[in-house]
Amino acid sequence: MRGSGVTSIAHVSDLHLAPVPFPFGEGLKPALGWINWRRKPGAHDPALGLRVAAAVRAASPDHVALTGDLIELGLASEYGAAAEALAAFGPPCRLSWAPGNHDVYTARAVPRLRDGLGGWLAPEAAPQNDADIRGHFPRLVVTGRVALVTLCSGLPTWLFSAEGELGAAQLSRLDAMLSAIDRTAHLPVIAVHHPPHAPGLSPLKRLRDGQALMALLARHRCPLVLHGHLHRACEATTTIDGFAITLAGAPSASSAGHHGDDPAGYSLVQVDEALRWRIERHAV
Ligand SMILES: [Fe+2]
Ligand SMILES: [Fe+2]
């Protein structure tokens with residue numbers, strides 16, 4: 001909390017804003033995505049997302065990490081709603097956003113994302129093609145005792161894929177960024193939509209280069225990853241090359257608790273002056 005000697009990061013994920021308009025003229029993937037969304041009525045309740053936003057504002061964290069899937073299909077109107085939803089959590093300087101597979105649903109969604117959410121993207125470190133926003137990442141925010149590094153695993157994928165990929169260029173920039181963090185003063189915390197290590201997860205939902213990310217994090221001794229995508233309040237510790245890395249998932253912030261998803265909530269990551277961390281779970 002601000003002024004307490006403890007740095008707090010609110011972890012929020014997977015708002016999946018609803019309702020979702022039918023994607024006329026958008027092609028097959030958005031149409032099938034809309035049918036899939038309709039098959040799960042009531043799974044996501046926008047009122048719960050607003051309650052999470054109010055609870056996070058009341059908790060007054062030093063920063064908010066939102067780990068993706070703000071929307072469903074990449075429609076222009078959805079990005080307008082997403083900008084309003086992000087603003088409910090705080091200004092861009094107090095919120096870092098890690099795009100998910102639904103945020104970068106198709107190639108034609110990318111320019112809309114830049115138009116609607118450009119204020120929430122850091123300047124592009126390495127300009128890439130128009131259908132790739134990963135050049136804006138990683139983003140580093142240093143607040144209190146935390147060096148929060150946000151990654152982009154969202155990219156347009158084929159029809160039935162919810163995969164993510166960081167790409168070699170983003171991993172290379174991450175390598176350089178982590179090398180520059182003063183580890184005596186700051187705890188590196190990674191925020192990314194897809195969990196980099198998730199045994200049993202369908203190959204169609206995985207982070208393609210998760211293993212490379214885990215090896216990089218172990219080499220730089222980064223102990224904590226905040227992720228979304230699974231819609232579960234979960235925590236798993238994996239040892240890579242002798243170093244323990246904890247992967248902490250947040251539930252969907254709008255989940256009504258149906259279809260195997262955990263009910264809505266958020267987490268507060270608390271980091272003390274000795275760089276020890278703990279995670280508090282909050283329901284709404
Ligand atoms: Fe999601
Ligand atoms: Fe996802």
Side-chain angles (χ1 to χ4, degrees), residues 11-20 29-30 32-46 48-49 52-53 64-75 78-79 81-82 85-86 89 96-106 109-110 113 117 133-134 137 150-167 190-198 200-210 213 225-234 236 247-267 284:
H11 179 202
V12 179
S13 205
D14 292 79
L15 279 166
H16 287 280
L17 294 171
V20 182
K29 186 179 178 186
L32 291 176
W34 186 85
I35 291 167
N36 198 37
W37 172 73
R38 286 278 295 193
R39 287 174 55 222
K40 298 176 180 174
H44 296 282
D45 180 352
L48 289 168
V52 169
V64 179
L66 211 160
T67 49
D69 281 0
L70 297 173
I71 58 169
E72 285 292 328
L73 306 179
L75 309 179
E78 291 185 287
Y79 291 114
L86 287 178
F89 285 91
S96 295
W97 167 57
N101 50 299
H102 280 275
D103 301 315
V104 197
Y105 206 63
T106 61
V110 174
L113 187 159
L117 298 176
I133 61 162
R134 293 176 295 176
F137 296 85
T150 311
L151 303 175
C152 177
S153 58
L155 77 167
T157 56
W158 65 292
L159 200 54
F160 298 107
S161 166
E163 291 165 278
E165 183 184 282
L166 301 169
I190 309 297
V192 62
H193 179 65
H194 293 77
H197 180 73
L201 187 66
S202 160
L204 294 176
K205 296 182 176 179
R206 65 178 181 160
L207 182 64
R208 292 172 187 156
D209 42 11
L213 174 60
V225 176
L226 310 178
H227 68 82
H229 195 52
L230 303 182
H231 299 187
R232 294 209 328 263
C234 53
L247 309 182
S252 160
S254 62
S255 170
H258 304 155
H259 310 288
D261 289 353
D262 283 348
Y266 70 100
S267 305
V284 295

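All ligand and atom numbering here is 1-based and tracks the order in the structure.
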- Parallel, tilted or perpendicular: which describes the rings of Trp34 and Trp37, with under 30° parallel and over 60° perpendicular? tilted
- Query: What distance do Ser153 atom OG and His229 atom NE2 have between them, rounded to the nearest 0.5 Å?
  - Reply: 8.0 Å
- Could you please give the number of protein N/O/S atoms within less than 2.8 Å of the Fe ion (ligand 2)? 4
- Message: When you measure from the side chain of Asp45 to the backbone of Ser254, do you find a donor-acceptor pair of N or O atoms at a distance under 3.5 Å?
- Response: no
- Message: Donor-acceptor pair, distance only, cut-off 3.5 Å: does the side chain of Ser255 make one with the backbone of Asp262?
- Response: yes
- Query: Which residues pass the salt bridge (Lys or Arg N to Asp or Glu O under 4.0 Å) test with Arg208, sequence neighbours left out?
  - Reply: Glu163, Glu165
- Does Leu166 offer a backbone N or O that forms a donor-acceptor pair with the side chain of His194 under 3.5 Å? no
